[in-house]
4 protein chains.
Amino acid sequence: MSPRPDVSEQRKDQILAAATKVFTKHGFSNARMDDIVAESGLSKGALYWYFDSKDAIIVSILDQIFDYETAHVHEILEIEDSAQAKLEVFVDTTIRDIEKIKPLMPILFDFWSLSVRKKTINQAIKRYYQNFLDLIEPIIEQGIEQGEFRAVEVKGTAVALGAIYEGTILFYLYFSDTIDIEKQFKSNLDLVLEGLLQNP
Amino acid sequence: MSPRPDVSEQRKDQILAAATKVFTKHGFSNARMDDIVAESGLSKGALYWYFDSKDAIIVSILDQIFDYETAHVHEILEIEDSAQAKLEVFVDTTIRDIEKIKPLMPILFDFWSLSVRKKTINQAIKRYYQNFLDLIEPIIEQGIEQGEFRAVEVKGTAVALGAIYEGTILFYLYFSDTIDIEKQFKSNLDLVLEGLLQNP
Amino acid sequence: MSPRPDVSEQRKDQILAAATKVFTKHGFSNARMDDIVAESGLSKGALYWYFDSKDAIIVSILDQIFDYETAHVHEILEIEDSAQAKLEVFVDTTIRDIEKIKPLMPILFDFWSLSVRKKTINQAIKRYYQNFLDLIEPIIEQGIEQGEFRAVEVKGTAVALGAIYEGTILFYLYFSDTIDIEKQFKSNLDLVLEGLLQNP
Amino acid sequence: MSPRPDVSEQRKDQILAAATKVFTKHGFSNARMDDIVAESGLSKGALYWYFDSKDAIIVSILDQIFDYETAHVHEILEIEDSAQAKLEVFVDTTIRDIEKIKPLMPILFDFWSLSVRKKTINQAIKRYYQNFLDLIEPIIEQGIEQGEFRAVEVKGTAVALGAIYEGTILFYLYFSDTIDIEKQFKSNLDLVLEGLLQNP
DNA sequence: GATGAATGAGGATTCATTCAT
DNA sequence: TATGAATGAATCCTCATTCAT
């Protein structure tokens, strides 16, 4: 009488995957629980067994996405190299994962929208961006300390980098036909590095 | 004898103002027509007299916002000056209007979200950003031709500027307590100009 | 200063004509006053000036139609001839006017439907059919008295004739492509006359 | 363990019965879904679980009625007897079921009305009447072939019989106080048979 | 007489959630 | 655990009617 294996994690992932698909297609508000039920292949009762509500699913997706993104961003922390090299690695990994990031943007839009009204969502997003800044700032500081970069204002520069990162993905969504995202990110980096680096 | 004065434009503005308020507070999907009715001080029938549907109101708001933003952006076209001076004016007018732009962001989030599914919305947004690029590119070209700027790739640089603009406003929404938006925009401009300007 | 000519009858007819068209197309319930306004070329206020309500328009149309039909039926009363000849004239005038009657059937359907619930409508229809019977019965009586027809039961035969009349138009509505209405009415008459006439 | 018994057919019937009642009372357009909900004893959600819309309910009722009527008409096909006998059986079964048919007439009115605008409804009715004609025609042919009937035009006679059938029920609705429906149908039959039968 | 903007009760439909099995 | 039928509050939109001008 071996106990049944715990399938709950598996089920939850199944539901979140289905929900992500459905939310991407319809947006949070227009997505129906029945859509998620259909997409997941489970029953309505099962959905409510694993998640208390539609909101609970949404929040779980938020966690999932930001966990992934944060992990992604943290990769560069591992690198032992010049500040410039770190930024280059950051751009490279972003380019590498852009096709995974892109389909999540519709959901991100909804999160941005929700964050206006839901404090939890707002805080989660803020935490995520803070995380991003917390990572970038030391790199800039390192660059300045080691004489690579000019003595720029650190916080403002970090925000500028975050802004250009999010903004570029946004523009790419509307101009994916005319923007070569790889070139674009490299071009962004050139522009910024040119502004950051000490004149030789 | 005297024909009733035509109040239809007034009424439409009244409705759009109310709708903007309500949409900002609740988001498109969660906003109820009854909310707009209450906020506008008109009746439900009046709303539907001037607008065919909730969607029609949303689209009208989109037009209104983008008309405003486009006009705003075009101000710099008038200036006869160096490319650098034009960019500086752009930053100045943005700073000047930031408090008007900020409360519209929640609505912009919903538009971004909607644009994934509604082609008309998508096209309107794309047109707006294209407009932005069409304005910025000649400035960069002017800067290069007149020897102010390095020979950067024009299109990519324009996108970078658009990205940093939208992205900064986004970050400002989440960090309005720690970001001094005026300084931030100026800092952005410094960074970019430093990257663009010929080394003397 | 001659007084303005009274256009109210003209206006009423204009409205009833428009209403008939609209009711034919949409049915009573689905027809909107705005449709009638548009079709009539008048204003909404004008409509309500001449008719108190949608119902009032409907009732007026009922009167109009039945007046017409009754007049139509009464034509045969004028004829001085054998009973058989009178029935033949009745068939002929029906055939002659069938294209005018046919487009009124959709409205008649609605009147039948309404008559279930509205006593006034019910009575109007009943009166109309009674009228029909009052006309046909003397003809049958005449036929019997003068030895043309067998000694059938008068009332029942009149109802049978009314039934076959209404029923034929009904079938014609669904089979106008395969029924030659002229032949059909003549065939009906033959059948009935064959049943009524004394065997020679 | 035991699976819940499938009550969906039962529920559908429950809803259709309630809807028939409500439609009879108010007509299609004026009947409210809430009326059907109340009459059925179910909830609004349940109604929409089993039927997509008010229209779907209407169509289902159409099917139900015509299935019943068609079955009813087909009874005579079984009989092995003279053409005259078959027509007599038809009249007898009609008389037998008249009290079941009568309350459905208000609904039939609405179907006739709807059929003007809705092709599906039109086709269903047409199919039903065609069915009727397809049944009657062979009987008339049989009568002619076997020398019972005169050599009448078959199709036209079938239409005449259908017409007198529908028309009689119609008149009966308005004159149920003065028409003895049993006598009336027998009288109709006599009249027609007298017209059809060979003179001895 | 005539206009047409404005009213607001009414009604079809949706969908997150529940719960008996 | 899992099912899916059932619930009913919520919400968009319609349209007959009114009335200030």
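Chain A is the first sequence line, chain B the second, and so forth, proteins listed ahead of strands; every chain is numbered from 1.
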Quick one: [X] [atom1] to [N] [atom2], roughly how many Å, whole number?
X       : N      : atom1 : atom2 : answer
C/Leu47 : F/dT17 : CG    : P     : 11 Å
C/Met33 : E/dG4  : CE    : P     : 16 Å
D/Tyr48 : F/dA10 : OH    : C1'   : 14 Å
C/Lys12 : E/dG1  : NZ    : C1'   : 14 Å
C/Trp49 : F/dT17 : CH2   : P     : 17 Å
C/Arg32 : F/dC13 : CZ    : P     : 15 Å
A/Phe51 : E/dT18 : CZ    : P     : 16 Å
D/Lys54 : F/dT14 : NZ    : C1'   : 13 Å

Considering just the side-chain nitrogens and oxygens of [X], establish if one lies under 4.0 Å of OP1 or OP2 belonging to [N].
X       : N     : result
B/Lys44 : E/dG8 : no
A/Arg11 : F/dA2 : yes
C/Tyr50 : E/dA2 : yes

(message) I'd like the P distance from E/dG1 over to F/dT21, given in whole Å.
(response)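 Those two atoms are separated by 23 Å.
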(request) Would you confirm whether C/Arg117, through its side chain, and D/Lys25, through its main-chain N or O, come within 3.5 Å as a donor-acceptor pair? (result) yes
(message) Checking side-chain polar atoms at under 3.5 Å, does B/Tyr174 have a donor or acceptor matched by the opposite partner on A/Ser115?
(response) yes
(request) Ignoring hydrogens and angles, state whether a donor on the side chain of B/Asp6 or B/Ser8 is under 3.5 Å from an acceptor on the partner side chain. (result)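 Indeed, the side chains of B/Asp6 and B/Ser8 share at least one donor-acceptor pair under 3.5 Å.
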(request) Check salt bridge (Lys or Arg N to Asp or Glu O under 4.0 Å) between D/Arg32 and all other residues, then give those that pass, not counting sequence neighbours. (result)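 Testing D/Arg32 for salt bridge (Lys or Arg N to Asp or Glu O under 4.0 Å), a comparison that skips the adjacent residues, returns D/Asp35.
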(request) Kindly write out the residues that satisfy salt bridge (Lys or Arg N to Asp or Glu O under 4.0 Å) with B/Lys102, not counting sequence neighbours, or none if the list is empty. (result) none
(request) Would you kindly compare A/Phe28 and C/Ser43 by the position of their nearest DNA chain E nucleotide and give the one closer to the 5′ end? (result)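 Final value for this comparison: C/Ser43.
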(message) On DNA chain E, does the nearest nucleotide to C/Gly41 precede the nearest nucleotide to D/Ser53 from the 5' side, or the other way round? Give the residue.
(response) C/Gly41
(message) Within this structure, what is the CD1-CD distance for the pair B/Ile36 and B/Glu39, rounded to the nearest 0.5 Å?
(response) 9.5 Å
(request) Step through it carefully: locate the ring centre of B/Phe109, locate the ring centre of A/Phe111, and say whether they are under 6.0 Å apart. (result)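 Ring centroids of B/Phe109 and A/Phe111 are no less than 6.0 Å from each other.
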(message) Considering every strand and a 4.0 Å limit on heavy-atom distances, what is the contact class for C/Ala56: base, sugar-phosphate, or nothing?
(response) nothing
(request) Can you run through DNA chain E from 5' to 3' and write each base as (, ), [, ], | or . depending on how it pairs? Watson-Crick or G-U wobble, both distances under 3.5 Å. (result) .||||||||||||||||||||
(request) Take C/Asp55 and A/Gly45, find for each the nucleotide of DNA chain F with the closest heavy atom, and name the residue whose nucleotide sits nearer the 5' end. (result)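 It is A/Gly45, whose closest nucleotide lies nearer the 5' terminus.
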